[in-house]
Amino acid sequence: MPLSHPVIAIYPGSFDPLTRGHEDIARRTLRIADRLIIGVAHHATQTKRGLFSVEERVAVIREVFRDEERVEAVAFQGLLVDFAKELEARFIIRGLRAVSDFEYEFQMAQMNRELWDEVETLFLAPEVDYSFLSSSLVREVFSLGGDVSRFVSPQVLSRLQAMADG
Ligand code: PNS
């Protein structure tokens, strides 16, 4: 009987910063994949104002998933499908929070399939408590002095606080 290949999935995004919603999607992915690579994009499809550098985002994701040996965090440049090919990952994971996410996500999934038809995009629904959560809202609430401790891990929070202090 042939040995089956490990299932490798990529969870790409800006992760600026990683939220509890992202963490939830990553942990859910481990139910269906053997290995998960969280890919922090140097170039997001939608222009967004950055808070942390890509290197800082990768570093904090590694801290958050320190105890989970099946999860890695890596920065990538260029096309997501090229990164996926390089890693022999055939599954792209995206979280789908609400209908409003759908159009953008559907376009990206179709374009990625046009670019490499062996890749499948899988959409996972987050825990309902995180269905409203986004990095951009965390950035906004934090920058206006609001409490974001419920929305991010302590490792992310301490980096946010260090940035505000320094
Ligand atoms: O968290 P985001 O910002 O919604 O993630 C978007 C991301 C990074 C997944 C998307 O912008 C992307 O895949 N960028 C890499 C460049 C690329 O492949 N663009 C074409 C996508 S169809």
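Order of appearance sets the numbers: ligands from 1, and atoms from 1 within every ligand. These values consider heavy atoms only, across backbone and side chains, with no hydrogens, waters or symmetry-generated copies. The model shown is predicted, which means the values in this text are computed figures rather than measured ones.
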Hey, is Glu118 close enough to Lys85 for a salt bridge, meaning N to O under 4.0 Å? no
ask   = Short question: side chain of Arg94, backbone of Leu122 - any donor-acceptor pair under 3.5 Å?
value = no
query: Should Asp117 and Arg113 be marked as a salt bridge (Lys or Arg N to Asp or Glu O under 4.0 Å) after you check the CA-CA gap, both sets of side-chain angles, and the distance that decides it?
result: CA-CA 5 Å; Asp117 69 0; Arg113 180 180 283 164; over 6 Å; no
heavy-atom search around atom 9 (C) of ligand 1 in the protein gives Arg94 NH1, 3.4 Å
- Does Gly78 have a non-hydrogen atom less than 4.0 Å from ligand 1? yes
Are His22 and Phe15 near enough that their ring centres are under 6.0 Å apart?
yes
of all protein heavy atoms, closest to atom 2 (P) of ligand 1 is Lys48 NZ, 3.4 Å
Ligand 1 to Met111, heavy atom cutoff 4.0 Å, flagged ligand atoms 22 (S)
When you check the gap from the basic side-chain N to the acidic O, do Glu72 and Arg35 get nearer than 4.0 Å? yes
Per-atom filter on ligand 1: closer than 4.0 angstrom to a heavy atom of Gly13 are 1 (O), 5 (O), 8 (C)
Among His43, Gln110, Arg113, closest by heavy atom to atom 15 (C) of ligand 1 is His43
shortest atom 21 (C) of ligand 1-to-protein heavy-atom contact is with Thr45 OG1, 3.7 Å
protein heavy-atom neighbour closest to atom 18 (O) of ligand 1 works out as Leu80 N, 2.8 Å
Under 4.0 Å between heavy atoms, the region of Ser14 that gets near ligand 1 turns out to be both
Salt-bridge present (Asp24, Arg28; N to O < 4.0 Å)
yes
For atom 6 (C) of ligand 1, the closest protein heavy atom turns out to be Tyr104 OH, 3.4 Å
Atom 8 (C) of ligand 1: closest protein heavy atom, distance to 0.1 Å, is Ala41 CB, 3.4 Å
Query raised in the report: Judged by atom type as modelled, is there a donor-acceptor pair below 3.5 Å linking the side chain of Arg139 to the main-chain atoms of Asp16?
Result: yes
**Asked** Are Ser149 and Asp147 linked by a side-chain donor-acceptor pair shorter than 3.5 Å?
**Response** yes
Counting heavy atoms under 4.0 Å, the part of Phe15 that contacts ligand 1 is neither
